[in-house]
Amino acid sequence: MQNLGVAITGSGSAVPATSLHNQTLSEVVETSDEWIATRTGIRQRRLALPSESLSVLATAASRNAIASAGIKPEDLDLILLATSTPDDLFGSACQVQAQLGATNAVAFDLTAACSGFVFGLVTAAQYIRTGVYKNVLLIGADILSRWVDWEDRRTCVLFGDGAGAVVLQADKSDRLLGFALKSDGTQNHHLNLAYASTSQELLPNVNITKGTYQPITMNGKEVYRFAVQKVPEIIDKALFQANLSVDKIDWLLLHQANQRIIDAVAQRLNVPEHKVISNLAQYGNTSAASIPLALDEAVREGKIKPNDIIAASGFGAGLTWGAAIFQWGR
């Protein structure tokens, strides 16, 4: 089979209608708009209502991306759903496939927390480059409000819900110019959504565990330190692979975790402020959704234009981090 190029031809996003402003959040937990905004850059976040599922959000974002790419759901060969918060522990990608009517697509979930979209982008590209599939839908979607401790003011102020999606298609020219991915499980304990179990005796001397997942726990200082050090490094690696210098990129698009991290990484890379994409103030940290959500907004606002070179980087639990350098459009 001949190796083919990859083009990212369409984007879409969807967020719940319900907004929670910092001011209102201060009625739930002891905090203030000023405290949250100065430390994180976040002003508000969107929250999914009990009636809103992950698959519904992911499907809405996907419909927009498919329309923007000018294809039909039945043209899709593969659907990748990057999420840490599926509606079903067995995965939600197949529900999205059914809701879209993408009858020809194989679908599965991919979990790499806040790096999920970048890991998914690289995964999708391999299927296309080897000639296996032509049209791939990649979704990043999370409903983190399900797993937040609303009494923990260090974490509950950070997270929001949303979904973003892109369509990748086989193309004569390859628009994924370079990438690099990394994991370090020795630092796993800094950011967790862990299973909390109790022992249950099934038979004498036969015990099993029963339980559920406990809310997100995070060592903010360590995660900040990790991101500010590792993200510029991984972007440099991806740029090296793309044979590009940093001044050739049109946009820096980081996982929207904290404005301080975004600013610090941009500074280390010497990327001027006008090239940095940020919508964190409106949505908070939406995990795997944050990069495609910000990408779609910038495309629809006319900021990102065809052939623009984007350096995207995701980082988070695992710990995982990665970067992809790509050109927008065909």
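Given the structure is predicted, the values throughout are model-derived calculations rather than measurements.
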Quiz item: According to the side-chain hydrogen bond (donor to acceptor under 3.5 Å, both in side chains) rule, which pairs have a member within residues 102-125, sequence neighbours left out?
Solution: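 Residue pairs passing side-chain hydrogen bond (donor to acceptor under 3.5 Å, both in side chains), neighbours aside: Ser115-Thr320.
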
Practice problem: Kindly state each residue pair satisfying side-chain hydrogen bond (donor to acceptor under 3.5 Å, both in side chains) with at least one member in residues 8-17, sequence neighbours excluded. | Solution: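 Checked against side-chain hydrogen bond (donor to acceptor under 3.5 Å, both in side chains) - neighbours excluded - the pairs reaching residues 8-17 are Thr9-Gln169, Ser11-Asp296, Ser13-Asp296.
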
Self-check item: Polar side chain donor-acceptor pair, Asn307 to Trp328, under 3.5 angstrom
Solution: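 No, Trp328 and Asn307 have no side-chain donor paired with an acceptor closer than 3.5 Å.
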
Less than 4.5 Å apart, any side-chain heavy atom of [X] and any of [Y]?
X	Y	value
Leu176	Ile8	no
Leu295	Ile310	yes
Asp171	Val6	no

Quiz item: Would Leu239 and Val122 show up in the same hydrophobic cluster when neighbours are defined by side-chain heavy atoms closer than 4.5 Å?
Solution: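 Each belongs to a different hydrophobic cluster.
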
Expected list for residues 279-294: side-chain donor-acceptor pairs under 3.5 angstrom, two or more places apart:
unit_1 : atom_1 : unit_2 : atom_2 : d
Asn279 : ND2    : Glu297 : OE1    : 3.3
Tyr283 : OH     : Glu297 : OE2    : 2.5
Asn285 : OD1    : His255 : NE2    : 3.4
Asn285 : OD1    : Ser287 : N      : 2.8
Thr286 : OG1    : Ser290 : N      : 3.1
Ser287 : OG     : Asp142 : OD2    : 3.2
Ser290 : OG     : His255 : ND1    : 2.7
Ser290 : OG     : Gln256 : N      : 3.0
Ser290 : OG     : Ser287 : O      : 3.4

To the nearest 0.5 angstrom, please state how far the [atom1] atom of [X] sits from the [atom2] atom of [Y].
X	Y	atom1	atom2	value
Arg46	Ile143	CZ	CD1	14.0 Å
Thr186	His189	OG1	NE2	7.5 Å
Ser278	Glu273	OG	CD	9.5 Å
Gln95	Thr59	CD	OG1	8.5 Å
Leu80	Tyr133	CG	OH	10.0 Å
Leu144	Leu193	CG	CG	8.0 Å

In terms of heavy-atom contacts, does [atom1] of [X] have more than 12 from other residues, nucleotides or ligands at under 6.0 Å?
X	atom1	answer
Arg300	CZ	yes
Phe240	CZ	no
Asn207	CG	yes
Glu151	CD	no
Tyr195	OH	yes
Glu201	CD	yes
Glu74	CD	yes

Pairs under 3.5 angstrom only: tabulate donor-acceptor contacts from the side chains of residues 216-228 to other protein residues two or more places apart or in another chain.
unit_1 : atom_1 : unit_2 : atom_2 : d
Asn219 : OD1    : Lys221 : N      : 3.4
Asn219 : OD1    : Glu222 : N      : 3.2
Glu222 : OE2    : Arg225 : NH1    : 3.1

Exercise. Say whether, by atom type as modelled, one donor and one acceptor occur between the side chain of Asp33 and the main chain of Gln23 under 3.5 angstrom.
Key: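 No; judged by distance alone, with no hydrogens or angles, the pair does not exist.
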
Quiz item: Do NZ/NE/NH1/NH2 and the carboxylate oxygens of Lys275 and Asp250 come within less than 4.0 Å?
Solution: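 Not counted as a salt bridge, because no side-chain N and carboxylate O are separated by less than 4.0 Å.
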
Distance-only criterion, 3.5 Å: show the donor-acceptor pairs between side-chain atoms of residues 47-58 and protein atoms not counting sequence neighbours.
unit_1 : atom_1 : unit_2 : atom_2 : d
Glu52  : OE1    : Leu49  : N      : 2.7
Ser53  : OG     : Ser55  : OG     : 3.2
Ser53  : OG     : Val56  : N      : 3.2
Ser55  : OG     : Asp87  : OD2    : 3.1
Ser55  : OG     : Gln99  : NE2    : 3.3

Quiz item: Looking at Arg45, Gln44, Arg43, which hits side chain to side chain donor-acceptor pair (under 3.5 Å) with Ser19?
Solution: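 Single pass found, and it is Gln44.
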
Self-check item: Thr40: side-chain contact (heavy atoms from CB on, under 4.5 Å) partners, not counting sequence neighbours
Solution: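 By the side-chain contact (heavy atoms from CB on, under 4.5 Å) rule, Thr40 matches Ile36, Ile42, Leu158, Asn258.
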
